Amino acid sequence: MSVGCFSDWRKLPVSLSELCINTTLRCGQSFRWQKLPDDDEWRCVLRGRILSLKQDPTHLYYRAYFPPKPSSSSEAQAAAALPTPPSSNAPSRAESKAASDSADQSNNNNDALLDETLSLIKHYFNLSSNLTQLYSEWSAVDPNFKMRAPQFTGIRILCQDAWEALIAFICSSNNNIARISQMVEKLCVNYGPHIGTVDGRAYHDFPTPAALAVEGVEARLRGLGFGYRAKYIYQTAVMVEKEREKGWLDSLRNPESPAFGVEPAPGGEMRPEGRQGYREAHEKLLELQGVGPKVADCVCLMGLGWGEAVPVDTHVWQIAQRDYKFGKGGNKTLNKATYDAVGNHFRKLWGKEAGWAHSVLFTADLRAFSDRLTMTSKKVEADVTVKQEEKEEEIETKTQVKTKVATKRSVKDEDAFDAAEGKEKNLKEQAIAGASEEKTTQTRRTSKRLRKQ
DNA sequence: ACGAGACCTACAAA
DNA sequence: ATTTGTAGGTCTC
């Protein structure tokens, strides 16, 4: 049996403020990246290869492991025969093959393969846009962003495979990042193509829709601990594989941010509700089982390239209440109307890449990163909070009712702050809780049940 | 329309 | 050592 190996490391100049993989790969966008225990090396199977990444302040380092060239070995054949990533209409596979044909088979140090891997990295990390520039634009229009973002530079929205994003975020409902990652890994191991084994660890790519649209998948996934999501995954796989045109999912992409290897085209005119193409993509995704507004927005943002998609989960809803005056009066719960209102507000505020800005704030609030909030930044935050409080005193009505959510939030935050400052902050949050409200549009979608009839 | 419950599981926290 | 609460929601009444 032939065994592949990693290429040598190559490097790409990138500053940490343009890309920070240690943050971007752990902030709940992709659930497949693994950090090696000893190194600060990250690994993930992407488009048929194992990709390894490292980073220092000036460069991103990468290397790749491609499966051995198809030969008489049955394992190699199996690996090679397995389908390319589902929504891939990129020429990657053909190029790779041609490249390895003309090169020494046993040598994976192949320039063409690594050139293509570099293109993939640039695409995956969305590197064509200037992140520093975007941060300064968002900071210019939003004091809250300006206050929180400096501790969280280098966060990029990943250009993930839309199908993988769809399934991963179906798994995310009512769930935590650790278990979502476990579930995605189980999907890969049980239904995805084996790409290679390194240091005794088997690496698999993400399964295709066809692989998951098979009788018995639901029962097996239940056995694997997927719970009620097992049915959603199976049903969605069947819908995508058998009840939609081939390439349907990628047809919902933002043409400005096309699939790997496809030329960009204009994406349409921006509006507070988002561009037409985004609205349509969101609506189409809602037809799938297990896909509600939040999951649909995750797929739009991270899988389909619609930068204005703003996934509003309980966490973002808390941020909206705490920092953007949502949740006042009757609008205390996250429902269809408040969901849309939050998204529209952020789109008006931040513009075409609102989902990106939103992800920075989301990450800044994750417990996993609470260690970044240094003493100095805590003080800055306290000061800004005082200012806001003073400014909003007039429009404040009765702040009697402190919502359940706000209470939870304060307790949660206290862990990140020391006792004295935590108390102080607590008081301020009480004062701020509740202010103005947001107009809501009444665009209601037909229920999935009705549509099925 | 709109708001509750139910829904699977793993893993802290008590 | 058991129990309880909860985690990036969605579906169904």
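In what follows, every chain begins at residue 1, and chains take the letters A, B, ... in the order their sequences are listed. Side chains are part of it too, since the values below use all heavy atoms of this structure and drop only hydrogens, waters and symmetry mates. Since this is a predicted model, take the numbers as computed values, not measurements.
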- Message: Categorize A:Q235 for me: base, sugar-phosphate, or nothing, with a 4.0 angstrom heavy-atom threshold over every strand shown.
- Response: nothing
- Item | Between C1' of C:dA7 and CD of A:Q182, the distance in whole Å | 13 Å
- Are the ring of A:F362 and the six-membered base ring of C:dG8 within the stacking cut-offs of under 5.5 Å and under 30°? yes
- With no hydrogens and no angle check, do the side chains of A:T338 and A:N335 hold a donor and an acceptor under 3.5 Å apart? yes
- Task: Return one dot-bracket line describing DNA chain C 5' to 3' (Watson-Crick or G-U wobble pairs, both distances under 3.5 Å; ( ) same strand, [ ] crossing, | another strand, . none).
- Result: .||||||.|||||
- Query: In terms of ring plane angle, is the pair A:H59 and A:Y61 parallel, tilted or perpendicular, where the classes change at 30° and 60°?
  - Reply: tilted
- Taken to the nearest whole Å, CG/A:L286 to C1'/C:dT10 is 11 Å
- Message: Check whether A:Y203 forms a cation-pi arrangement with A:R201 (NZ or CZ under 6.0 Å from the six-membered ring centre, at most 45° off the ring normal).
- Response: yes
- Message: C:dG8, OP1 or OP2 - any side-chain N/O from A:Q318 closer than 4.0 Å?
- Response: no
- Query: To the nearest angstrom, how far is A:I177 atom CD1 from C:dT6 atom C1'?
  - Reply: 14 Å
- Answer with yes or no after comparing the ring centroid distance for A:Y124 and A:F260 against a 6.0 Å cut-off, counting only values under it. no
- Show your reasoning for whether side chain to side chain contact (heavy atoms under 4.5 Å, CB included) applies to A:R43 and A:L36. CA-CA 7 Å; A:R43 276 189 196 159; A:L36 266 54; 3.7 Å; yes
- Item | Euclidean distance, atom CG of residue A:L334 to atom P of B:dC2 [Å, nearest integer] | 14 Å
- Sugar-phosphate only, base, or nothing, as touched by A:L366 at under 4.0 Å among non-hydrogen atoms: nothing
- Message: Under the rule for salt bridge (charged side-chain N to carboxylate O under 4.0 Å, His left out), what residues qualify as partners of A:K352, not counting sequence neighbours?
- Response: A:E256
- Task: Over 60° means perpendicular and under 30° means parallel, so classify the ring planes of A:F169 and A:F31, tilted if in between.
- Result: perpendicular
- Whole-Å distance separating the CZ atom of A:R367 from the C1' atom of B:dC11: 14 Å
- Specify whether A:W350 and A:F346 have parallel, tilted or perpendicular ring planes, treating 30° as the upper limit for parallel and 60° as the lower limit for perpendicular. parallel
- Message: Over all strands shown, is A:C27 touching base, sugar-phosphate only, or nothing at heavy-atom distances under 4.0 angstrom?
- Response: base
- Message: When the P atoms of C:dG8 and B:dA4 are compared, how many Å lie between them, rounded to an integer?
- Response: 23 Å
- Message: Could you tell me how far C:dC13 sits from B:dC8 if I compare only their P atoms? Round to whole Å.
- Response: 14 Å
- Mind calculating the distance between CG (A:D313) and P (C:dT6) to the nearest angstrom? 16 Å
- Whole-angstrom distance between C:dA1 and B:dT9, as gauged at atom P: 24 Å
- Message: If you compare every side-chain N and O of A:S172 against the phosphate oxygens of C:dA7 (OP1, OP2), does one of them come in below 4.0 Å?
- Response: no
- Euclidean distance, atom CE of residue A:M183 to atom P of B:dC11 [Å, nearest integer]: 13 Å
- Task: Starting at atom OH of A:Y339, determine the distance to atom C1' of C:dG8, rounded to an integer number of angstrom.
- Result: 11 Å
- Hey, is A:R322 close enough to A:D365 for a salt bridge, meaning N to O under 4.0 Å? yes
- Message: Please report the distance separating the C1' of C:dT6 from the corresponding atom of B:dA6, rounded so that it comes out in whole Å.
- Response: 15 Å
- State whether A:R347 and A:D340 are salt-bridged, where the test is any N-O pair (Lys NZ or Arg NE/NH1/NH2 against Asp/Glu carboxylate O) under 4.0 Å. no
- In 5'-to-3' order, the base (B), backbone-only (S) or no-contact (-) status of each nucleotide in nucleotides 3-9 of chain B, using a 4.0 angstrom heavy-atom cut-off, is S---BBB
